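Here the structure is laid out as structure tokens; the discussion comes afterwards.
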Amino acid sequence: QKRHVGRRSWGNMAFSKMVLKWRLIGEGYSSQLTIQDQRHIISLAFRMWSEVSPLDFVEDTFSPLEFVDIKLGFGTGRHLGCNQKFDGTGQEFAHAWFLGDVHFDDDEHFTAPNTGSGISLLKVAVHEIGHVLGLPHIYRTGSIMQPSYLPQESGFEINWMDRKAIQHLYGDCKGQFNTVFDWIRKERSQYGEVVIRFNTYFMRDGWYWLYENRTNRTRYGDPVALQVGWHGIPTDGVDACVHVWNRNTDAVYFFKGTQYWRYDDDNDQVLTVDPEGHLYPRLISEGFPGVPSPIDTAFYDRRDYHIYFFKGTYVYVFDVAANSLAPGFPRKITAVFPAVTSGDHPGGNIDAAYFSYTHNAVFLFKDTQFWRVVGRSRDRWRRPSLPRNGLLPRNGLLPHRKVEEQWFDICNVHSSALKV
Amino acid sequence: EKLFHSRDHSDLQIPSSHQAELITDKDTAELFLSRYGFIRPVNWEELQFDESTGIFNDEDFPGEEDLSGIQEGDSSLSRVDTDDDDDDEDSPNPTESQAFISALREFQKVSGLSVTGLFDDATKAAMNKPRCGVPDKETDDATDEVHNSTSSALGINTATSLTNNTDTSEDSNSTFSGVLNGSRR
């Protein structure tokens, strides 16, 4: 009956729940790939939609079939109780129903991703799942929803417009972040000279995304579990990451609860002991006297060589060189970072404080909103009346901006899909 | 199993009965255009289930006698019993050929082909490419509108407003030249 619920027109209706169950039905296994490969590839196809939408998908192999939202299966000719016969090898390779099931024509030569000839099961599955979620055929170069199959180019992904199409149906990806930071490192270019490079990371609970500012999206295949990319930091998430980088120091610290860790870039793991002989994890109160714990978040400002620790409605400015709180601190966040527009201020309990090298600005994140801190040079030059470190709303007209309007497609996936 | 002799199955022998019928002439082209809604929008959702099997459920999977159909492997393109099937094929009436030509032109347009209205080689090749079985144009029973499968149906705005952030910081005296490490899935 669910098939006939509501209007059935593409692009206007969608599932009303955000966690959807799927199953490759037992009598619908393909004869061409191992069952494990089939499930893995289909799981990856769901994960790819989950990476660009607020939807989560979970494979359900136990519930009674009527509780499974999306059923998938392979068949030939007349198949799986379906009224639409398949036509044999060539031409039609699959079909799908809105809010419903997906059928693959097992007379086609389906192959695993990037295995040369044959029809990529991954690409076909992503296309058909797009239909089930409510997307029609879309005639645009690069769209996965084009009706005809295009031989698989390596590294196939869901492009920008298809992302916007699915977000048009299900909304943007929103959510709080534990910390956001630019990880800076020295590398040697192909000419042997030392260059400074950075990458932007968003962390939430036990997983993280690398954000590619250049392409306005997260790295393909993210999020990844923390322990995969950052060895030794708490696997359930951190409160803050701070990179102290100046003439004398180059140290990355992760904070969680009352402790902190120092990260060893070269060996890509936390240090157990640092060059000064300190054992890790260390108490925050030892390494940063005067700073309370746990903290809400923190960032290091290269312009004044201070670490800004945020807790509740206070900010603790720590002078790294003096290894002590700067005089007069702690102070109210509203005093150090005053609102430019009256009342437009996060107040306290900041989720993340982030100095962005892309924007050359500091941002304060709270829930799904962010504020930009008045820059020392450009902003004050343009508008001298702006208070130092004032919190700018969105280009002065509307209140603070939504995070998903500046950093795009930072979407969760179901915990069961993290490993895919 | 499908017969093969090479280890990599590259010589997989697909029985001809399992070959989809090629689209070679006006009749098969007309079936194609009809199947995917170019002649008349297809009421796709109504076509999912064979009423005799009701809502598909692996507990009540169709009985043995229904499995015979799989052996047929018949690849008739007649997805939808178009009610205007008439047996005097050889004397197409002018409106029908007009409908065929405009359907052909529509298919050529959305497929990025030159819109000739002729069943030319390029069109024939495009029709024989592997494709999804979901119609390109279908009706919606609630409003009987034809829903074209184009992005306009989704009201999608083209993403032109985005600035293209580069990873080199804007601050002129900054020493950063942000380059992202290769991003792989």
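All values reported here derive from a predicted model rather than from experimental measurement. In what follows, chains are A, B, ... by sequence order, proteins preceding strands, each numbered from 1.
- For a residue to count as touching a neighbouring chain, one of its non-hydrogen atoms must lie under 4.5 Å from one of that chain's; by this rule A:Q167 does not touch chain B.
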B:C132 vs A:H137, test: side chain to side chain contact (heavy atoms under 4.5 Å, CB included). Steps then yes/no. CA-CA 9 Å; B:C132 169; A:H137 280 152; 3.6 Å; yes

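- If you take CD on A:Q91 and CD1 on B:I23, they are separated by 4.0 Å, rounding to the nearest 0.5 Å.
- Here the CG-CG distance, from B:L22 to A:D87, works out to 10.5 Å after rounding to the nearest 0.5 Å.
- Between chain B and the options A:P64, A:G28, A:P147, the largest number of non-hydrogen pairs under 4.5 Å is found for A:P147.
- Checked by atom type and distance alone, the side chain of B:Q19 never pairs as donor or acceptor with a backbone atom of A:G90 at under 3.5 Å.
- Using bins of under 30°, 30° to 60° and over 60° for the plane-to-plane angle, the ring pair B:W44/A:H95 lands in the perpendicular bin.
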Given the rule in the side chain to side chain contact (heavy atoms under 4.5 Å, CB included) test, do A:W97 and B:V134 qualify, once you have shown the distances and angles that lead to the verdict? CA-CA 8 Å; A:W97 274 270; B:V134 172; over 6 Å; no

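- Taking CZ of B:R131 as the start and CG of A:L150 as the end, the distance is 12.0 Å to the nearest 0.5 Å.
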